Amino acid sequence: FDDGPNPNYTPKVIQLLKDFDAKATFFCIGKHVEEHTNLLEEIVANGHSVGNHSYSHSTLIGFKSTEAWLVELKDTDQVIFKAIGTKPNLFRPPYGVTTPHLAKALKVTGHVVIGWNIRPFDKALKKPEMILNMILKSIKPGSVILLHDTHEHIGTVLEQLLQFLKKHKYQMVTINELMNDH
């Protein structure tokens with residue numbers, strides 16, 4: 001899940017994951033972590049993992065210098081560490097955009113970059129069934145699904161997805177668990 005934590009939707013996501021005994025990785029924006037530290041604590045307390053998703057998630061983030069990227073990464077690591085006592089080793093670039101400046105910054109910080117192989121455009125599409133169909137037509141073992149815990153449809157989409165995964169004997173795990181299994 002990207003872009004949280006969000007006080008309106010993250011609690012519902014956490015509860016649904018708990019109801020289905022599923023685990024996930026939350027790529028958090030630093031400024032949101034500062035505002036909602038309690039949600040980050042709840043994410044970790046429920047056995048999910050946390051990754052860095054930049055501090056600002058600015059629409060112009062792809063144009064940042066190496067030095068500016070280092071600030072984005074380190075500031076987010078710091079607020080996450082302050083909240084949960086550990087520094088994330090995972091990073092997902094905002095919008096999935098990578099640049100030479102970001103690559104240089106990541107060499108300094110040592111984060112592991114995590115992408116996805118299923119992008120259902122859940123923030124853009126307005127119909128939960130369309131979002132779910134985009135996921136289900138591509139799902140296979142080892143899939144990394146990009147979802148956001150920041151919009152009104154996430155509860156509906158996630159509940160239906162988790163029902164499908166359970167029915168078809170899939171297990172939803174954190175990125176850390178997935179990487180250790182392969």
Side-chain angles (χ1 to χ4, degrees), residues 1-30 32-33 35-53 57 76 80 83-96 111-182:
F1 293 92
D2 282 13
D3 296 355
N6 178 291
N8 298 318
Y9 306 108
T10 303
K12 176 72 172 168
V13 168
I14 293 169
Q15 186 59 54
L16 282 167
L17 292 170
K18 188 176 190 174
D19 292 347
F20 284 86
D21 193 27
K23 300 299 179 209
T25 302
F26 290 77
F27 289 92
C28 298
I29 297 173
H32 295 169
V33 171
E35 296 168 5
H36 310 292
T37 302
N38 61 318
L39 291 175
L40 196 69
E41 292 167 351
E42 192 177 340
I43 287 167
V44 173
N46 279 278
H48 307 293
S49 61
V50 173
N52 185 323
H53 194 48
H57 202 295
T76 303
I80 290 172
I84 61 172
T86 58
K87 175 185 157 286
N89 66 328
L90 305 176
F91 173 72
R92 177 171 283 156
Y95 312 105
H111 287 93
V112 176
V113 176
I114 303 297
W116 59 82
N117 68 325
I118 299 177
R119 183 181 190 182
F121 299 96
D122 61 319
K123 283 174 59 174
L125 295 176
K126 300 300 178 206
K127 294 185 178 177
E129 59 275 8
M130 290 176 69
I131 298 166
L132 191 64
N133 287 338
M134 287 190 76
I135 297 169
L136 298 184
K137 72 179 183 182
S138 302
I139 196 91
K140 62 182 187 269
S143 290
V144 177
I145 305 165
L146 172 61
L147 292 170
H148 298 82
D149 55 334
T150 57
H151 61 86
E152 64 183 328
H153 301 302
I154 192 59
T156 303
V157 170
L158 182 59
E159 185 170 13
Q160 291 176 13
L161 174 61
L162 290 168
Q163 289 170 354
F164 174 90
L165 294 174
K166 184 177 182 178
K167 180 180 176 186
H168 291 88
K169 308 221 185 309
Y170 280 92
Q171 183 181 9
M172 197 164 158
V173 300
T174 67
I175 291 291
N176 308 73
E177 292 173 281
L178 186 64
M179 291 189 319
N180 289 337
D181 286 345
H182 292 89

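What's counted below: heavy atoms across the whole structure, side chains too, no hydrogens, waters or symmetry copies. Computed from a predicted model, the values in this text were never measured in an experiment.
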Using a 3.5 Å distance criterion without hydrogens, assess whether the side chain of [X] forms a donor-acceptor pair with backbone atoms of [Y].
X	Y	value
T37	V33	yes
H148	D122	no
R92	G115	yes
H168	Y170	no
K23	E177	no
T10	P7	no

Note, [X] side chain near [Y] side chain (heavy atom, < 4.5 Å):
X	Y	result
L90	N176	yes
T76	I29	no
L147	D2	no
F20	K166	yes
H36	N38	yes
I43	I84	no
C28	L40	yes

- Identify which one of L158, I154, L161, V157 satisfies the side-chain contact (heavy atoms from CB on, under 4.5 Å) criterion when paired with I131.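 Per the side-chain contact (heavy atoms from CB on, under 4.5 Å) rule, the option paired with I131 is V157, out of L158, I154, L161, V157.
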- Going through the distances and angles, do N117 and S138 end up as a side-chain contact (heavy atoms from CB on, under 4.5 Å)? CA-CA 9 Å; N117 68 325; S138 302; over 6 Å; no
- Could you tell me which non-hydrogen atom of P120 sits nearest to which non-hydrogen atom of L146, and how far apart they are?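 That would be CD-O, 3.1 Å.
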- Message: Looking at every non-hydrogen atom in both residues, tell me the closest pair between L16 and G155 and how far apart they are.
- Response: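 It is CD1-O, 3.4 Å.
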- State plainly whether the residues K12 and D149 are in salt-bridge range, i.e. N to O under 4.0 Å.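 No, K12 and D149 are not salt-bridged.
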- Hey, is CD on Q171 packed in by over 12 heavy atoms from elsewhere, all under 6.0 Å?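 Check fails, neighbour count at 12 or below.
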- Message: Can you confirm whether N8 is buried at CG, in the sense that more than 12 heavy atoms of other residues, nucleotides or ligands lie under 6.0 Å from that atom?
- Response: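 Yes, CG of N8 has more than 12 neighbouring heavy atoms, counting only those of other groups under 6.0 Å.
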- Working for side-chain contact (heavy atoms from CB on, under 4.5 Å), residues I114 and F27: CA-CA 10 Å; I114 303 297; F27 289 92; 3.7 Å; yes
- Message: If only side-chain N and O atoms count, and only distance matters, is there a donor-acceptor pair under 3.5 Å linking H53 with D3?
- Response: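 Distance-only check passes for D3 and H53.
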- Do T174 and T25 meet the criterion of a side-chain donor-acceptor pair at a distance under 3.5 Å?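 Result is no, nothing qualifies.
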- Query: So, for Y95 and H57, is the gap between ring centers shorter than 6.0 Å?
  - Reply: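 Yes: the rings meet the under 6.0 Å criterion.
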- Message: Before you tell me yes or no, could you show the steps for K137 and N133 under side-chain contact (heavy atoms from CB on, under 4.5 Å), namely the whole-Å CA-CA distance, both residues' side-chain angles and the distance that decides it to 0.1 Å?
- Response: CA-CA 6 Å; K137 72 179 183 182; N133 287 338; over 6 Å; no
- Assess whether side-chain contact (heavy atoms from CB on, under 4.5 Å) is satisfied between M134 and L125, documenting all intermediate values. CA-CA 10 Å; M134 287 190 76; L125 295 176; 3.5 Å; yes
- Message: F26: which residues meet the ring-ring contact (aromatic ring centres under 6.0 Å, His included) condition with it, sequence neighbours left out?
- Response: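 If we apply the ring-ring contact (aromatic ring centres under 6.0 Å, His included) test to F26, skipping adjacent residues, the hits are F1, H48.
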